[in-house]
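Working notes, beginning with the structure itself.
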Amino acid sequence: MITVFRKEHFNAAHRLHNSNLSDEENETIYGKCNNEYYHGHNYELEVGVRGENDPVTGYVIDMKILSNLIKTHVLEPFDHKNLNEQVDEFKTLIPTAENIAVVIYNKLRPHIDSSKELLITLYETPRNYVTYAG
Ligand code: NI
């Protein structure tokens, strides 16, 4: 089994806020990410596809195909967007790095051959990152 990775980047704004909690609780839990006027992050995304190397092509997945999938399903809808206001999934889901990684996974999963594993790693800052593999 081999894992191949494609790195991508997008900028997006968000606000972490749970309307079921008080303003004080939101401030305590989310700190600066609770800023009611939103703020941006430079997200770094790594998409990994793991599986057998195809004996004909020598590829796990054609990177042009993977790159185009990420462009269509992640970068175009997320880049330079306000995630809370402009991305449907986050109208009802708090756009934490965890939830963004799960949404990215769910958007890409139907387009990757079911014999392959999909691994999403999302850096919200150079030091804070999450990984999700379904
Ligand atoms: Ni934030």
Side-chain angles (χ1 to χ4, degrees):
M1 298 278 264
I2 300 178
T3 311
V4 298
F5 292 93
R6 174 80 186 175
K7 285 179 80 169
E8 294 288 355
H9 175 86
F10 60 93
N11 299 94
H14 75 170
R15 182 193 189 199
L16 303 185
H17 184 83
N18 185 331
S19 52
N20 295 317
L21 303 175
S22 70
D23 286 350
E24 292 70 26
E25 287 169 313
N26 273 291
E27 168 68 27
T28 300
I29 294 167
Y30 298 121
K32 287 180 175 177
C33 279
N34 184 238
N35 177 0
E36 69 175 303
Y37 299 107
Y38 303 95
H39 61 279
H41 289 283
N42 297 312
Y43 290 97
E44 295 288 346
L45 172 64
E46 281 181 21
V47 176
V49 177
R50 181 168 173 79
E52 302 281 350
N53 202 6
D54 185 296
V56 175
T57 63
Y59 289 160
V60 174
I61 184 172
D62 184 329
M63 286 307 214
K64 287 191 301 297
I65 292 171
L66 183 59
S67 164
N68 284 332
L69 285 173
I70 299 167
K71 198 172 294 170
T72 302
H73 298 285
V74 182
L75 303 183
E76 283 171 6
F78 287 11
D79 189 34
H80 285 72
K81 296 292 168 62
N82 178 318
L83 297 177
N84 304 68
E85 300 281 337
Q86 295 180 276
V87 177
D88 284 344
E89 286 85 348
F90 301 115
K91 289 180 178 163
T92 53
L93 188 64
I94 300 168
T96 57
E98 290 88 334
N99 284 336
I100 298 169
V102 171
V103 166
I104 291 171
Y105 178 96
N106 289 336
K107 286 162 87 68
L108 294 176
R109 183 66 269 188
H111 306 284
I112 309 279
D113 191 286
S114 60
S115 68
K116 308 287 197 292
E117 289 174 42
L118 176 63
L119 309 132
I120 303 297
T121 301
L122 183 70
Y123 286 75
E124 189 171 77
T125 73
R127 293 171 188 272
N128 293 341
Y129 63 98
V130 303
T131 186
Y132 182 65

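This is a predicted model, so every value here is computed, not measured. Whatever order the structure lists them in is the order used to number ligands and atoms, beginning at 1.
Applying the side-chain contact (heavy atoms from CB on, under 4.5 Å) test to T3 and every residue at least two apart in sequence or in another chain returns F5, R50, L119. Shown here are the side-chain contact (heavy atoms from CB on, under 4.5 Å) partners of N106, two or more places apart in sequence or in another chain: V102. Taking the salt bridge (charged side-chain N to carboxylate O under 4.0 Å, His left out) definition, one finds that K32 meets it with nothing, sequence neighbours left out.
Annotation: Y30, atom OH; neighbour count of heavy atoms from other residues, nucleotides and ligands within 6.0 Å is above 12.
Distances shorter than 2.8 Å separate the Ni ion (ligand 1) from the protein N/O/S atoms H14 NE2, C33 SG, H39 NE2, H41 NE2.
A pairwise comparison of heavy atoms in K91 and N84 identifies CG-O, 3.6 Å as the closest pair.
Of the N and O atoms on the side chains of Y38 and E85, at least one donor lies less than 3.5 Å from an acceptor on the other residue.
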